[in-house]
Each structure stands twice: as structure tokens, then as C-alpha cells.
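Take a look at the structure set out below.
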Amino acid sequence: MNVPDGVRTDRGPPMAIPFQYFVVALGFLVAGAVGGVLSSLAALPGLGSPAYAHLLLVGWICLTIMGAMTQFVPVWSGVEIHSRRLATVQLWLVAVGLVGLVASLLALALELLPVFAALMLAGIWLFVYNVGRTLLRARPFDFTERHFAVALASFAALAALGFVLALDFALPVLEPVALDRGDVRGAHVTLAVFGAVTATVVGAIAQLGTMFTQTGTDPLYRGLEGLEQATFPVGLILLALGRGAGSTTVATVGAVGVLVGLLAVALVLVRRLAASSTDASPMTDRYWIVAAALFAWIGLAAPAWLLDPIGPGRVLGYPDATALLVFGVFGFVVVGTLYHVVPFIIWIERYSDRVGLEPVPMIDDLYSRRLERADLAATGLGAAGLVVGEFLGLATPVVAASATALGVGFCLFVSNMLLTVHRHDPNGLGYVLRPRLDPTEPTVAEGADAPEPDRDRS
């Protein structure tokens, strides 16, 4: 087990808090996998497309990110989480709001959308406040923390825009202020995909890639990271503003910044993976797929965005590259990372204090290797089939078979993670999911001592 100097694993919240996020997110992943199979066979009822997108992007990916940041920011930055109570409350606000939002979209109960969107808005803003207050005590920010700050700002903005879009379904509010719904939606999706998700991924990979490839740094790494920091955050802001205002010029400049920044990230990731001095692992195996998918997506998105960065079919780049970005990049990042994070948290909580006293398992012994290899094969085959199907317009049976393979792979992954928790957490899943609102738990928000960061941040 490799932990970088200065990382304080004792600073994170109790194990059950991030696990709550992960387990709930896995539930949304299963629902999304089922929805993906059904949508490949026939159109989903009501507004099925946005419902499906919210299940995957908000329910699975964003909730996983929220749980990971709640755990990772205190651990990496060496500061206590601002409030454990808020860390639990924000999860259930978003989860309940998302269930209601998806159900309302499918049932075309559009008058209910603002109610559930308000719950999600409250939960996301609590998350931004809670993790933001925690992160502020870690200044000056390093590379990872700067990207987390960008992600938090994106979360706050996208939640507000999402509420406005939901409200506009029931009570038109955009037309009186001369705002185009398509432009607002474009800004909302841009902040969600490239702000909340991609900025978090870039910040996390910067540390996790270094940690698990056991590679150092040199002028080329520093140069590429400097290029990314100079282009991606500014590009994200300009791309979102350009789309929101319907300005092709501003959006094009922003698109160039995003593409150049992500190209630098892909180059760093490949170089680290190629120079790795460690054995292959579920994380590195999937990160190779992430790198390949990211290069492919950049190659497709660059000409599409340079021609028309604000077109309704080009919000995520090339019109037929959605599966490449969502599953090839985001999906494999999340799955590969959780294959280490979930067993790592369990190992720290249950086995770390037994080292030297009795035989203890390694982190990679906590999950089923057979299920891990099976889910990699299924998700890889399914994602490849969907990507090829998008480009070639393959027949429905081929797309349905690919969606089924992807769904089976995700379900195998979910089963592996839940079995890991069940086997190695003595209290079981019920304990993990029980809300943590114990008033005796000290928090910084309630007057507990706020420790200063204890690592060199130069």
C-alpha cells in the first residue's frame, strides 16, 4: 500500500459516510444499466433521454464524486471535514430529489420537477459549502486542490441552472428575460460534464496516477501540468459562458482551452502508465482504457467544436461520441478508482492496526479477482460495441447486445463491491447506510479544534 508523504488517513470522516455515497451511487448505476438496455430496445416513456442521463451522470458519477471528495479532501489536505452531519444530509437530499426528478420526467409530471430539483439544489449546495469550507483551510492550493475548487464552483453553478431549467418546465421563466432554453441547457451540461466531473477526474488522476504507478516528476510532467492549468479552467469558463450566451466566438476559444488542457492530461497519464514500476492492477488496467478513450474523444471533438461549438448535438464533442466520453472515460475512471478506494477504506478501518500482530489480507485480496476480470471483459466489450454502434449506425440487435454486455459488466462490478463490504465490514451494509447524525461526533462546525494542514504545500 502506497500513501504519499503527508497524507493523513485519520483526517477523513467515518468509513460509513463515503460508503453511503458509493452504495447509493451503485444503486443508481444498476438502474441506469437497466435503463440503457431498455432504451436500446425501445424508447423510454416520457422524457426518457434526460431521465437516463441524470441517472448515470448525477446518480452514479456525481454521487460517487461527492462521496470521494468528502473522503479525499480531508485525507489529502490534512484537515478535518467541516461537518459530518452535512456530509450525510446532503447525500439524501440529492438522492431523494433525483429519484423524484427521474420519476417525474418519465411520467411527464412536469409540474413536480421544481420540487425535486429544489431538493437536489439544496443537497448540492450543502456539499459545496461543506467541502468548500474544508478545502479553504488547506490553502495555498496544490494542483489537485485547485481542480477540486473548480469542480465545486461548477457544482454550485450547474445546480442553479438545473433548477432554473426544471422551473421553466412548470412556469416559464426564461422567455421573459430573453434567455434561450437551449443555451441555458448547453451551459448546464458543460458545467456538469467538463466542470464537476472532468475537473474532479483531472485533479484525482494527478495524485492517484502518481501514487499507483510509482512514478516521479520531471520538467516534462511539470510543463504539461502547467499547460493544463493555464488552459483548461479558463477554457471551461469561456465554453460555458459562450454556450450560455449563444456566442460562437467565445465558445470556440473556450473549446480550444478545454481540448488543449485535456490533451496535456492524456499525455501525462500515458507517460505515467508506460513508466510504471508497479504490477498491473484493476485501476491501471482501466486507466489505460481511459487514456485511449480520451485521445480518441479529443481527436473527434476538436474538429466538431472548431466548426460549431454551440450546436445542440455537439455539447459533448462529436455528435456520436457520447458513449466514448461517458463510458470510455468517466465510467472506467470511476470503476477503476473504486476498485482501490473501497477496499482501501475497509483495509484502513479493519486491518491496518493488525499488521505485525496477525496475518492480514492485502488490499487487492478483499475483492473477487474473478468478478473483476469478468466485469472488465463485459464492460470493455459493451462500451466498444456502443461506441462503434454510434459511429456506424449499427442495427438495433447489435446495439442492444452491447448495452446488455455493458449492463452485465456494471452489475458484476456492483456485486463485487457490495460483496467486499458485506464480507469485510463486520456491521454489514445496513450499518453503512444508516444515517450518521450522532451529535456527540465532534466537527469543526461545532467548535472542535480545526487542525492546520500539516504537509509541505510549497
Counting heavy atoms not belonging to [X], are there more than 12 under 6.0 Å from its [atom1]?
{"X": "Arg354", "atom1": "CZ", "value": "yes"}
{"X": "Asp218", "atom1": "CG", "value": "yes"}
{"X": "Trp288", "atom1": "CH2", "value": "yes"}

Heavy atoms, side chains only, cut-off 4.5 Å: are [X] and [Y] in contact?
{"X": "Tyr339", "Y": "Asp364", "result": "no"}
{"X": "Leu224", "Y": "Leu220", "result": "yes"}
{"X": "Tyr221", "Y": "Thr210", "result": "no"}
{"X": "Leu366", "Y": "Phe344", "result": "no"}
{"X": "Thr322", "Y": "Glu390", "result": "yes"}
{"X": "Pro282", "Y": "Leu376", "result": "no"}
{"X": "Ile61", "Y": "Leu56", "result": "no"}
{"X": "Val326", "Y": "Val193", "result": "no"}

Indicate whether any N or O donor in one side chain lies under 3.5 Å from an N or O acceptor in the other, for Thr215 and Thr213.
yes
Cut-off 3.5 Å, side chains only: do Thr252 and Thr249 have a donor facing an acceptor?
no
Measure across [X] and [Y] and return the closest heavy-atom pair with its distance rounded to 0.1 Å.
{"X": "Asp183", "Y": "Gly244", "result": "CB-O, 3.4 Å"}
{"X": "Ala304", "Y": "Tyr318", "result": "CB-CA, 4.0 Å"}
{"X": "Val315", "Y": "Gly186", "result": "CG1-O, 4.2 Å"}
{"X": "Leu338", "Y": "Met417", "result": "O-SD, 3.7 Å"}
{"X": "Leu269", "Y": "Ile205", "result": "CD1-CG2, 4.0 Å"}
{"X": "Ala196", "Y": "Ser154", "result": "N-CB, 3.5 Å"}

Audit row: Gln214, Ser277, side chain to side chain donor-acceptor pair (under 3.5 Å) steps and yes/no
CA-CA 6 Å; Gln214 287 296 283; Ser277 60; 5.6 Å; no
Can Phe194 and Trp297 be said to form a ring pair (Phe, Tyr, Trp, His ring centres under 6.0 Å), step by step?
CA-CA 13 Å; Phe194 300 105; Trp297 178 83; 5.7 Å; yes
Taking the ring of Tyr287 and the ring of Phe212, is the distance between their centroids below 6.0 Å?
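Distance test on ring centres: not under 6.0 Å, no.
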When you measure from the side chain of [X] to the backbone N and O of [Y], does any donor-acceptor pair fall under 3.5 Å?
{"X": "Tyr21", "Y": "Ala87", "value": "yes"}
{"X": "Trp305", "Y": "Leu259", "value": "no"}
{"X": "Thr134", "Y": "His82", "value": "yes"}
{"X": "His54", "Y": "Pro50", "value": "yes"}
{"X": "Ser247", "Y": "Arg243", "value": "no"}
{"X": "Arg272", "Y": "Gly216", "value": "yes"}
{"X": "Thr144", "Y": "Gly203", "value": "yes"}

Run through Leu262, Val265, Leu263 and flag the one making a side chain to side chain contact (heavy atoms under 4.5 Å, CB included) with Phe232.
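Testing Phe232 for a side chain to side chain contact (heavy atoms under 4.5 Å, CB included) against Leu262, Val265, Leu263 leaves exactly one candidate, Leu262.
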Partner of Val24 under side chain to side chain contact (heavy atoms under 4.5 Å, CB included), chosen from Leu98, Val94, Thr64, Leu63:
Leu63
Could you state the interatomic distance from [atom1] ([X]) to [atom2] ([Y]), rounded to the nearest 0.5 Å?
{"X": "Leu325", "Y": "Phe327", "atom1": "CG", "atom2": "CZ", "answer": "10.5 Å"}
{"X": "Leu191", "Y": "Thr198", "atom1": "CG", "atom2": "OG1", "answer": "11.0 Å"}
{"X": "Thr337", "Y": "Phe332", "atom1": "OG1", "atom2": "CZ", "answer": "12.5 Å"}
{"X": "Asn416", "Y": "Asp375", "atom1": "CG", "atom2": "CG", "answer": "7.0 Å"}
{"X": "Arg314", "Y": "Leu307", "atom1": "CZ", "atom2": "CG", "answer": "6.0 Å"}
{"X": "Thr190", "Y": "Ile310", "atom1": "OG1", "atom2": "CD1", "answer": "11.0 Å"}

Starting from the C-alpha separation in whole Å, work towards a yes-or-no answer on ring pair (Phe, Tyr, Trp, His ring centres under 6.0 Å) for Phe141 and His147.
CA-CA 9 Å; Phe141 292 165; His147 283 77; over 10 Å; no
Pair Leu267, Arg271 - check side chain to side chain contact (heavy atoms under 4.5 Å, CB included), show working.
CA-CA 6 Å; Leu267 290 172; Arg271 190 163 182 257; over 6 Å; no
Would Arg133 and Glu80 pass as an ion pair if we require N to O under 4.0 Å?
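No, no charged N to carboxylate O under 4.0 Å.
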Given the rule in the salt bridge (Lys or Arg N to Asp or Glu O under 4.0 Å) test, do Arg146 and Glu228 qualify, once you have shown the distances and angles that lead to the verdict?
CA-CA 12 Å; Arg146 283 192 286 272; Glu228 188 277 338; over 6 Å; no
Under the side-chain contact (heavy atoms from CB on, under 4.5 Å) test, residues paired with Val256 that sit two or more places apart
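For Val256, the residues satisfying side-chain contact (heavy atoms from CB on, under 4.5 Å) (neighbours in sequence not counted) are Val260, Leu306.
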For Phe127 and Phe155, run ring pair (Phe, Tyr, Trp, His ring centres under 6.0 Å): C-alpha distance rounded to whole Å, both residues' side-chain angles, the deciding distance at 0.1 Å, then the answer.
CA-CA 9 Å; Phe127 159 72; Phe155 265 110; 5.2 Å; yes
Show your working on side chain to side chain contact (heavy atoms under 4.5 Å, CB included) between Gln90 and Leu93 and close with a plain yes or no.
CA-CA 5 Å; Gln90 66 205 25; Leu93 284 172; 5.6 Å; no
Val58 vs Met120, test: side chain to side chain contact (heavy atoms under 4.5 Å, CB included). Steps then yes/no.
CA-CA 10 Å; Val58 180; Met120 296 175 65; 3.8 Å; yes
Criterion side chain to side chain contact (heavy atoms under 4.5 Å, CB included) on Trp60 and Leu55, from CA distance to verdict
CA-CA 7 Å; Trp60 173 36; Leu55 271 179; over 6 Å; no
Taking the six-membered ring of Tyr367, is the NZ or CZ of Arg423 close enough (under 6.0 Å from the centre) and on axis enough (within 45°)?
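That pair does not qualify as a cation-pi contact.
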